[in-house]
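Atoms within each ligand, like the ligands themselves, are counted from 1 in listed order. What's counted below: heavy atoms across the whole structure, side chains too, no hydrogens, waters or symmetry copies.
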Amino acid sequence: MKLRRSMMFIPGSNAGMLSNSYIYKPDSVMFDLEDAVSLTEKDTARHLVFNTLQTNLYDGIETVVRINGVDTPFWEDDLDMAVRGGVQIVRLPKTESVDDVKEIEQRIEKIEKDCGRKAGDTKIMAAIESACGVVNSVAIARSTPRMVAIALAGFDYLVDMQTSRSAGSEPELFYARAAVLHAARAAKIDAFDVAYGDVNDDAGFLREVEIAKNLGYNGKSLIHPRQIDLLHKAYAPAQKDIDHARQVLQAAKEAQEKGLGVVSLNGKMIDPPVIHEAQRVILLAENA
Ligand SMILES: CC(C)(COP(=O)(O)OP(=O)(O)OC[C@H]1O[C@@H](n2cnc3c(N)ncnc32)[C@H](O)[C@@H]1OP(=O)(O)O)[C@@H](O)C(=O)NCCC(=O)NCCSC(=O)C[C@@](O)(CC(=O)O)C(=O)O
Ligand SMILES: [Mg+2]
């Protein structure tokens with residue numbers, strides 16, 4: 001089980017942040033070449049991120065590079081740098097269709113061959129940032145075995161939907177959150193919830209975390225280190241849930257030894273879905 005709770009954005013042009021962000025221990029770091037980097041700093045950011053990938057600072061943390069979109073003049077150079085630099089995952093922003101994914105996939109195949117990287121080694125994550133992306137999200141999620149996760153990008157999505165974020169962000173993101181998560185689950189890949197922009201509003205952030213967690217999202221895109229701990233704590237199973245899961249697994253083991261299909265624990269039915277949920281809680285607790 002790969003833990004993908006926290007994916008922290010680091011602007012690719014910020015040398016200071018690139019050189020020390022490993023200390024915050026997010027599950028994944030996302031070195032950004034897209035919207036956090038101004039047009040005049042695109043080349044600098046590409047060089048800085050390449051040099052960062054050559055260090056061992058982020059060993060043990062999943063590395064992701066967000067390239068510029070396929071409708072920009074930057075994406076091919078971005079991709080070349082990221083794949084040659086050895087990044088684990090390329091995040092494609094503003095993904096609208098399977099064609100967008102296929103375009104970068106073909107290019108990745110070529111770069112892997114040219115630089116001697118194992119074929120298929122570079123994974124892809126598609127960011128869904130528009131109504132069109134949401135509608136096509138199932139096909140996008142299933143488009144390639146390289147796709148390990150999809151992420152809903154709330155800021156650009158809400159611009160496309162001609163609305164803005166309310167406190168709690170529930171009504172305006174309701175459909176997209178559910179659709180993107182279903183697409184991920186149908187493709188058996190991970191799903192990331194939206195980034196939260198107010199770094200000083202812990203209560204608002206945690207309200208969003210609760211929604212994402214309860215829906216079944218693996219984690220959330222983050223923009224500030226202080227959001228990491230809040231998120232990890234919210235995703236950690238409570239001790240009472242761990243204790244209950246252990247009891248369920250013990251009861252299931254005893255039922256199996258006696259050749260029974262369904263048993264009860266404190267009056268509650270223990271059947272395969274309940275056992276699966278208990279196994280998930282234990283796995284999450286062990287990995288966290
Ligand atoms: C918001 C702010 C400027 C605040 O800065 P401030 O300096 O006021 O923060 P402070 O509190 O003073 O920082 C205290 C200490 O933490 C360090 N520190 C802060 N942030 C850090 C960080 N991210 N990484 C490492 N280190 C960090 C800082 O260097 C300092 O270190 P030190 O000096 O050593 O004490 C800063 O956080 C920041 O730039 N965030 C990333 C912004 C970004 O990437 N946006 C693009 C991605 S979203 C997007 O594009 C929308 C999307 O596409 C999303 C989707 O696709 O999902 C969509 O459509 O929805
Ligand atoms: Mg965006």
Worksheet item: Say you draw a straight line from CH2 of W75 to CG of D100; how long is it, rounded to the nearest 0.5 Å?
Response: 9.5 Å
Worksheet item: Taking non-hydrogen atoms only, is F192 closer than 4.0 angstrom to ligand 1 via side chain, backbone, both or neither?
Response: neither
Worksheet item: Below 2.8 Å, any N, O or S contact between D35 and the Mg ion (ligand 2)?
Response: no
Discussion item. Using modelled atom types and a 3.5 Å cut-off, is there a donor and acceptor pairing between side-chain atoms of E172 and backbone atoms of L158?
Written reply: no
Response to the item:
ligand 1 atoms nearer than 4.0 angstrom to some heavy atom of M17 are 18 (N), 19 (C), 20 (N), 21 (C), 22 (C), 24 (N), 25 (C), 26 (N), 27 (C), 29 (O), 39 (O)
Response to the item:
Heavy-atom proximity to atom 17 (C) of ligand 1 ranks first, among Y24, F9, Y196, F155, for Y24
Worksheet item: What part of E34 sits under 4.0 Å from ligand 1 if we count only heavy atoms: the side chain, the backbone, both or neither?
Response: neither
Worksheet entry | Closest approach of G12 to V37 (non-hydrogen atoms, all atoms of both residues) | N-CG2, 3.8 Å
Practice prompt. For a side chain to side chain donor-acceptor pair (under 3.5 Å) with D27, tell me which candidate from K2, R5, R4 qualifies.
Written response: R5
Discussion item. So if I count the atoms of ligand 1 from 1 in the order they appear, which ones are less than 4.0 Å from some heavy atom of A36?
Written reply: 43 (C), 44 (O), 45 (N), 46 (C)
Worksheet item: Just heavy atoms, cut-off under 4.0 Å: does K94 contact ligand 1 by side chain, backbone, both, or neither?
Response: neither
Worksheet item: Can you list the atoms of ligand 1 that are under 4.0 Å from a heavy atom of S21?
Response: 24 (N), 25 (C), 26 (N)
Worksheet item: Does the side chain of V64 reach to within under 4.5 Å of the side chain of F31, using non-hydrogen atoms?
Response: no
Worksheet item: When rounded to the nearest 0.5 angstrom, what distance separates OG1 in T144 from CD1 in I140?
Response: 13.0 Å
Worksheet item: So, K110 and E105, do they make that salt bridge, N to O below 4.0 Å?
Response: no
Practice prompt. Report the part of R226 (side chain from C-beta onward, or backbone N, CA, C, O) that has a heavy atom under 4.0 Å from ligand 1; answer both or neither where that applies.
Written response: neither
Fill in: Proximal candidate to atom 41 (C) of ligand 1 [heavy atom criterion; set V159, N200, I223]
I223
Fill in: Proximal candidate to atom 59 (O) of ligand 1 [heavy atom criterion; set D35, D193, D156, V199]
D156
Worksheet entry | Atom name in E129, limited to N/O/S, at shortest distance from the Mg ion (ligand 2) | OE1
Discussion item. Contact between V209 and L230 at the side-chain level, heavy atoms closer than 4.5 Å - yes or no?
Written reply: no
Worksheet item: So which N/O/S atom does D156 have closest to the Mg ion (ligand 2)?
Response: OD2
Item to complete: Return the residue, atom name and 0.1 Å-rounded distance of the protein heavy atom closest to atom 2 (C) of ligand 1.
Response: H224 CD2, 4.9 Å
